[in-house]
Structures are given as C-alpha cells and as structure tokens.
Enquirer: 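The following block contains the structure, expressed as structure tokens.
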There are 2 protein chains.
Amino acid sequence: MSHTMSEVATRAGVSKATVSRVLNRTHTIAPETERRVLEVVRQLKYHKNVHARRLATGRSDLFGLVISEIINPYFPELIRGFQAEAWDRGFDVLLCNTEYNSQRRVSVIQKLIEGDVRGVAIMTASLDRSGTSELTAAGIGVVFCNLGPAERLVSNISIDYQRGIAQAIEHVVQLGHRHAAVIAGPEDNRTAVIIKQALVAGLNERKLILSAVVNSNYRVDAGASAVRALVAAPELPTVIFCGNDLIAMGAMNALEEAGVRIPEDVSVIGIDDISFAFLARPPLTTIRVPRERLGTIAFQALDKMLQLKRRKGVDYYLETDLVIRRSTAPPRSRELGSAGLLLERAR
Amino acid sequence: MSHTMSEVATRAGVSKATVSRVLNRTHTIAPETERRVLEVVRQLKYHKNVHARRLATGRSDLFGLVISEIINPYFPELIRGFQAEAWDRGFDVLLCNTEYNSQRRVSVIQKLIEGDVRGVAIMTASLDRSGTSELTAAGIGVVFCNLGPAERLVSNISIDYQRGIAQAIEHVVQLGHRHAAVIAGPEDNRTAVIIKQALVAGLNERKLILSAVVNSNYRVDAGASAVRALVAAPELPTVIFCGNDLIAMGAMNALEEAGVRIPEDVSVIGIDDISFAFLARPPLTTIRVPRERLGTIAFQALDKMLQLKRRKGVDYYLETDLVIRRSTAPPRSRELGSAGLLLERAR
DNA sequence: GCGGTTTCTGAAACCGATTACACGCATCTG
DNA sequence: CAGATGCGTGTAATCGGTTTCAGAAACCGC
C-alpha cells in the first residue's frame with residue numbers, strides 16, 4: 001500500500017540514504033536534490049514507516065502514562081496536560097489504566113517496557129512502587145507524583161497540600177467553626193495519608209474539636225456512607241473536610257438526605273476542584289490542585305531527565321490553593337449557641 | 001540493555017527461527033526444545049522487541065481512538081470500553097484529542113496512518129469526515145458514531161435516540177406539561193442535529209407548545225446563557241429539554257440563579273447520563289446513552305471488520321433509555337392553572 | 001526394509017528504515 | 001600547484017525479529 005523509501009529514492013534518482021537525510025534534516029544536502037526528493041515524497045504521499053525507524057534508531061517516540069482509572073474525574077485534565085506537552089514535542093503517549101489493581105499495574109508496566117517507551121509517568125498515587133526498578137533498568141525514565149524523593153532515572157512531583165490546607169483551615173476558623181470532622185482517602189494511598197496528617201495537625205493546632213477522622217475510599221458512595229455514620233453520632237461537626245471532591249459530593253448528598261442543610265447546618269470542603277465541583281449544589285468550596293499542570297510538568301520532567309547525560313531525577317513542587325464557593329459558611333451554632341440544637345434541626 | 005532473540009538462541013543452543021516459533025506457538029516444536037528455550041527466556045527476562053516484530057510482520061497491534069476532548073465527560077467511559085476491549089485482545093490504543101479543531105483532526109489522522117494502526121474509531125460526532133479516504137486507502141479500518149451508513153472498510157454505530165426521546169416525551173406528557181423548550185447542541189454536530197429534529201418532531205406530535213428551540217454548544221456555560229435568554233422572555237416553558245447533560249447542568253444553575261425552582265417551577269431533562277448527572281441538585285432526569293458499550297462495540301466493529309476477507313463495514317445500533325430522577329415533576333401550572341403565575345413566582 | 005509422510009530444526013532472505021564509512025569533486029591555503 | 005578541507009552522495013552493514021524453503025530425523029504401513 002504505502003511506498004517505501006527506496007521507491008522514493010529511485011523515483012528521485014538518488015539513494016535511500018539521501019532520502020533519509022532529506023527527511024531527517026540530518027546532513028547537508030544540495031538544495032536541488034532536496035527539492036527533487038521532497039517533490040517525489042509529496043507526489044507519492046510517502047511517509048516513513050515508524051516501526052522501521054524505531055528499529056533502526058533503537059528508540060521510540062512513545063511515553064507511557066499510567067493512571068488508576070480514566071473514569072475518575074481527577075485524571076482527564078492530567079492526561080490532557082501530559083498529552084498536549086508530549087505532542088508538542090512530537091511524541092506519542094500510551095495511556096494505561098491500572099483499574100486500581102496491582103496485578104494489572106504490573107502487566108501494564110511490562111507492556112510499556114516491551115513497547116519500548118522512553119519514559120513513564122506513574123500518576124496512580126498508590127504506595128506501590130513495584131516495576132520501578134525494571135523500568136529504570138531498561139533505561140526508561142520514571143516520574144511519580146507524591147512518592148518519595150527523586151533518584152537516578154526517577155523524578156518526583158510533590159503536590160504541596162500544606163498551603164491549601166492552611167488556607168482552608170484559616171477559612172473555617174475565620175467563619176467561627178469549632179467542631180470538625182475529616183473523611184480521608186484510603187490508607188494505601190500516599191497522598192491520602194499526607195493530606196490526612198496535614199489536616200489533623202492543622203486542625204489541632206488551631207484547637208478545633210475533631211469529632212471524627214475516618215478513612216474512606218475515593219468514591220462518592222464512600223463519602224455518603226461515612227456521613228451516614230457521622231449523622232448517627234450524638235454530635236454533628238459544623239464542618240467536614242473531605243479527602244477529595246468525590247467524597248465531598250457523596251457527603252453532601254447524604255447530608256441532604258438526612259435533612260442537614262449545607263452550608264447553614266454543616267459546611268463541606270473538598271480537595272481537587274474537579275470540574276464538577278462548581279456545579280455541585282451548593283457549589284463546593286475546595287482545595288484546587290493544578291492537575292493539568294501536573295500533567296505537563298510530569299512530561300517535562302521526563303523529557304528533561306532523559307536529555308541529561310547524567311540522568312538524574314529531579315524533584316518538582318506544585319502548590320495548592322483554596323477555592324471558596326458556597327458550601328462553607330459560618331456555623332449555625334454561632335448564632336444559636338449550641339451544636340446540640342443544630343443536631344435537632346437536622347433530624 | 002535488553003537481550004535479543006539471537007542471544008536466547010545461542011544460549012539455548014538453537015536457532016533464532018526456533019526461538020521465534022516457540023514464542024509465537026506458530027509451529028510444532030519438540031517439547032524438550034521448547035522447555036529449554038522458555039527456560040532461557042525466563043532466565044534472561046527476555047521479551048521481544050515490538051518494533052522489530054511489527055516491521056517484520058508488517059502489522060502493528062495498535063488501534064487509534066479519536067475523540068474531541070478528554071475533558072468532556074462524555075468520553076471517559078467510552079475510552080474505557082474501547083481500551084478494555086482492545087487490551088483483552090492484546091492490542092494497544094493510541095488516544096487522540098482533536099480539541100474540536102479540524103486542523104488538529106487532520107494531523108492526528110495523519111499521525112495514526114504513520115503509526116500504522118490497524119483501525120481507527122472516530123468518535124467526535126463532528127460532521128467532518130475528512131481523512132476517511134486516506135485511512136481506508138491505507139487499509140486501515142474506520143468506525144464512526146452516527147455518521148451515515150457503512151461502506152467498505154468503514155463501519156458505523158448509530159445511537160438510536162428515538163426511543164429515549166419518545167420515553168422522555170411520554171414522561172413529560174404524563175406529568176402534564178404543555179410548554180416546552182429545547183436547548184440543542186451545535187449545528188455542525190450530526191448527533192446534535194438528529195436529536196434536535198427528533199425532539200421537535202416528537203414534541204409537535206404530542207401537541208406541546210414549543211416556546212423556544214435554540215442551538216447552543218455542548219458546554220455548561222452555553223446552557224446557562226441559553227436559559228438566561230429563556231428567562232427574559234415573557235413566558236417560561238414548564239420543561240426544558242437539553243442537548244446534553246452539560247447543557248442541562250448549566251441550565252439548572254442559571255435557573256436557580258434566576259430564582260426558578262427545579263422541578264417545582266421548571267422541569268429539566270438532559271441527554272447522556274454522565275456520571276455527575278445523579279449528583280446534580282436535583283439529580284438530573286436524563287436519556288442515558290450507553291457510552292462504555294459504545295466504546296466496546298466500536299472496537300469489536302473494527303476487529304471484526306478487519307478479520308473479514310471482504311472487509312465490508314457493518315452498521316450497529318445502540319438503544320437509549322430515559323432515566324427518571326428528580327429534575328422532572330408535574331408542572332405548577334397544573335395546580336395553579338397558569339404559566340403566567342409561574343413566571344411571577346420565578347421573578 | 002523401503003518409499004512416503006510427518007515432525008522438527010536451521011540457513012538465509014526480508015521487512016524499511018538509519019548511519020558509519022568511503023569517495024569524488026570543488027574550494028581553500030600557503 | 002600540491003595538499004588539506006569540506007560538501008554532497010552512494011554503498012553496505014545494521015537494527016531484531018518473521019517466514020520460506022529445504023533438509024535431517026523419526027515414524028508409518030505394507
């Protein structure tokens with residue numbers, strides 16, 4: 001179907017080598033020759049066979065992006081950032097879902113190695129680092145998100161939740177809240193653990209009463225069931241910090257079901273600022289993490305690392321900020337003087 | 001870094017050819033030989049170079065999936081379905097965003113041709129069919145969504161919106177609505193056009209008063225601004241049909257801002273049933289389109305078509321169904337006897 | 001015990017590019 | 001003007017597999 005380089009060569013009356021050189025601008029070429037070759041290329045609609053090229057050069061123009069699950073609204077923007085950056089530089093990306101399954105993760109990484117990718121961004125945030133050594137052993141660069149310091153051939157991007165969390169806590173303190181609860185993410189998730197610690201520490205520092213700290217997973221229904229437990233307890237907090245926006249939305253649903261009003265009775269704060277956070281009713285106050293930027297930085301990290309002679313990993317940092325919307329407000333208890341009263345209302 | 005087949009061959013005391021045969025199970029092999037080869041393969045952690053393989057066999061194990069924009073919540077599930085299906089059969093997928101940009105679309109398709117993919121699913125729903133002929137000319141299978149009948153090497157998956165729309169209209173008629181409005185998708189989108197026509201026809205048939213039919217684009221803000229125009233008009237419809245869920249959510253926002261209550265004052269119906277539809281306040285009544293299934297069918301269509309001797313495209317059909325949630329209810333006018341009164345309330 | 005299969009294996013061509021090396025020719029240089 | 005330099009190009013090896021073809025060995029039935 002498609003033509004080969006030799007065809008172009010004979011048609012243009014030159015050798016394969018010359019054609020290759022013209023196409024790759026890898027050597028000086030007589031203008032006239034170049035013109036002739038390009039003319040033939042255009043006529044034949046020739047384009048080179050990437051497989052042959054990859055085989056000959058020994059390197060592919062592929063990068064891998066490993067995520068947990070594309071349906072998780074955390075990822076699309078990240079993917080976008082990564083892909084856009086890769087394409088701009090002429091690279092392709094192989095997107096891989098682990099589906100939260102470590103077995104699958106292993107096979108995905110295996111596949112990427114076989115696919116001879118140049119670098120891999122592992123954005124699952126799971127504590128699992130398996131596969132890393134195989135990757136680096138094969139000379140493939142790796143970049144993680146929130147997973148320990150950089151090493152040889154592995155970079156790390158740390159999302160600094162501290163700032164956003166500090167802002168959020170300041171925000172609720174200003175509003176006058178005294179009773180808080182935390183619904184954190186799963187314990188096998190490094191990011192979730194970091195967030196939980198920061199939240200608890202910050203809340204204690206400001207002397208808020210922490211009526212509950214529960215672990216959940218990053219899904220809507222988990223937020224809902226966590227809240228149902230909270231509502232059943234004698235005293236309801238006036239503000240609930242959620243490990244991500246999905247949990248927050250589940251929490252808001254469950255609160256509404258229980259007849260608790262947001263933000264009048266209880267304020268809710270999420271993390272991530274997924275695209276639907278502002279569409280929630282009420283629009284969700286949340287700590288924004290720059291996900292698209294995370295994607296672009298991840299690619300840049302790989303690209304830069306692989307260009308270095310001494311391929312050393314680098315540490316990157318990303319900041320977070322509070323986005324105030326309408327799911328937070330002064331607690332009712334301030335007006336009515338009692339959390340007990342609030343609870344009554346809520347029933 | 002990684003070993004070659006010849007290394008394995010010499011280590012196992014056989015020829016390259018034999019190793020290849022063992023690995024591909026492409027020929028009968030003496031059990032003893034096979035054991036020896038596999039042993040060496042395991043020892044060396046050998047895995048074959050895909051580029052060499054692709055070059056030699058002349059075919060890749062890649063498929064392309066072209067979408068508009070990964071951030072659009074319509075797509076993640078579709079991608080998931082497609083990818084899962086591809087992986088199950090040992091294929092990889094190259095995901096490509098066109099970013100709603102026809103120039104970009106062209107270059108993406110060009111890239112896929114160069115990448116030597118076996119087949120491409122173009123799920124952008126744009127009316128644009130450019131690139132198709134280049135694809136089929138290169139022997140690459142194509143599958144579209146809602147874009148005319150199948151041809152040689154191009155299949156088509158039609159989503160039958162009729163059924164879902166009929167159910168939706170029946171639903172609002174049952175509820176007693178008489179005044180409707182339609183906020184449709186963009187006019188250069190085949191699907192949007194089909195939906196609008198079906199909606200208008202169905203509504204007319206049931207003799208509802210169509211106070212407005214506007215074209216919009218598939219974004220939240222578009223839904224909002226369309227509604228603002230509607231609210232400014234003297235008579236507010238009692239039910240608004242939206243071209244997709246994003247529009248619907250934007251519409252609900254704008255309605256709320258205008259002090260119109262949903263569903264008491266106005267009912268809203270979306271299309272797609274994106275994952276956030278049920279998290280909207282109130283949860284959105286919508287016409288579900290089976291997007292994950294669309295993805296799997298798209299892949300199966302390609303796979304099947306490419307296995308055929310006579311590579312003929314096939315037409316597939318997917319049904320839609322109404323999902324009733326809480327954004328629809330009987331119109332207030334039924335109780336109060338007048339749409340005018342309703343409007344007053346809304347101010 | 002012999003021709004005819006069948007089973008297993010190896011040698012070598014081939015896929016379509018890249019690239020090291022060599023060579024011819026024009027241009028400098030002293 | 002001899003020798004050095006540099007430019008433009010072709011030849012051929014190479015990347016790491018797959019596959020055709022053919023040959024050796026084992027097996028078969030009569």
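Chain naming here is simple, since letters A, B, ... match the order of the sequence lines and numbering starts at 1 in each.
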Enquirer: Measure CE/M5(A) against C1'/dT19(C) and give the value in whole Å, please.
Expert: 11 Å
Enquirer: Among dG10(C), dG17(D), dC7(D), which nucleotide has an atom closest to any side-chain atom of S15(B)?
Expert: dG10(C)
Enquirer: Return the minimal non-hydrogen interatomic distance between V143(B) and N156(B), and the atom names on each side.
Expert: CG2-N, 4.4 Å
Enquirer: Tell me the interatomic distance from R35(B), atom CZ, to dC8(C), atom C1', rounded to whole angstroms.
Expert: 17 Å
Enquirer: What does V50(A) touch in the nucleic acid at a heavy-atom separation under 4.0 angstrom: a base, only the sugar-phosphate, or nothing?
Expert: nothing
Enquirer: With respect to the phosphate group of dC15(C), does any side-chain polar atom (N or O) of N49(A) fall under 4.0 Å of OP1 or OP2?
Expert: no
Enquirer: Could you tell me whether A17(B) contacts a base, only the sugar-phosphate backbone, or nothing, with contacts defined as non-hydrogen atoms closer than 4.0 Å?
Expert: base
Enquirer: Quick one: pull up CG in N146(B) and CZ in R190(B) and give me the separation to the nearest 0.5 Å.
Expert: 7.0 Å
Enquirer: With respect to the side chain of S20(A), which nucleotide from dT19(C), dG10(D), dG10(C) is positioned closest?
Expert: dT19(C)
Enquirer: Does this structure show an ion pair linking R89(A) with D303(A), if we count only N-O contacts that are shorter than 4.0 Å?
Expert: yes
Enquirer: To the nearest 0.5 Å, what is the distance between CZ (R35(A)) and CG (L38(A))?
Expert: 9.0 Å
Enquirer: For R25(A) and dT18(C), what is the distance between atoms CZ and C1' respectively, to the nearest whole Å?
Expert: 17 Å
Enquirer: Between R54(A) and D61(A), is the closest basic N to carboxylate O distance under 4.0 Å?
Expert: yes
Enquirer: Quick one: R53(A) CZ to dT14(D) C1', roughly how many Å, whole number?
Expert: 16 Å
Enquirer: Among dG10(C), dT19(C), dG17(D), which is the nearest nucleotide to the side chain of T57(A)?
Expert: dT19(C)
Enquirer: Map H51(B) and H27(B) onto DNA chain D by nearest heavy atom, then report which one ends up closer to the 5' terminus.
Expert: H51(B)
Enquirer: Nearest of dC8(C), dA17(C), dG16(D) to any side-chain atom of T33(B)?
Expert: dC8(C)
Enquirer: Whole angstrom is fine here: how far is it from CD in E114(A) over to C1' in dG17(D)?
Expert: 14 Å
Enquirer: Do the side-chain N or O atoms of Y46(A) get closer than 4.0 angstrom to the phosphate oxygens (OP1, OP2) of dA17(C)?
Expert: yes
Enquirer: Starting at the 5' end of DNA chain C and moving along, which residue's nearest nucleotide shows up first, R21(B) or A52(B)?
Expert: R21(B)
Enquirer: Taking atom types as they are modelled, is there a donor-acceptor pair under 3.5 Å from the base of dG17(D) to the side chain of K16(B)?
Expert: yes
Enquirer: What is the separation between atom CG on D116(A) and atom P on dG17(D), rounded to the nearest whole Å?
Expert: 11 Å
Enquirer: Ignoring the backbone of L55(B), work out which of dA11(C), dT18(D), dC15(C) is nearest its side chain.
Expert: dC15(C)
Enquirer: Would you kindly say whether W87(B) and N97(A) are connected by a side-chain donor-acceptor distance under 3.5 Å?
Expert: no
Enquirer: Under 4.0 angstrom, heavy atoms only, what part of the nucleic acid is V14(A) near: base, sugar-phosphate, or nothing?
Expert: sugar-phosphate
Enquirer: Please state how far atom CD in E34(A) lies from atom C1' in dT9(D), giving the value in whole angstrom units.
Expert: 14 Å
Enquirer: Using only side-chain N and O atoms of T18(A), determine if any of them is under 4.0 Å from OP1 or OP2 of dT9(D).
Expert: no
Enquirer: Round to a whole Å and report the spacing from CG of L44(A) to C1' of dG16(C).
Expert: 15 Å
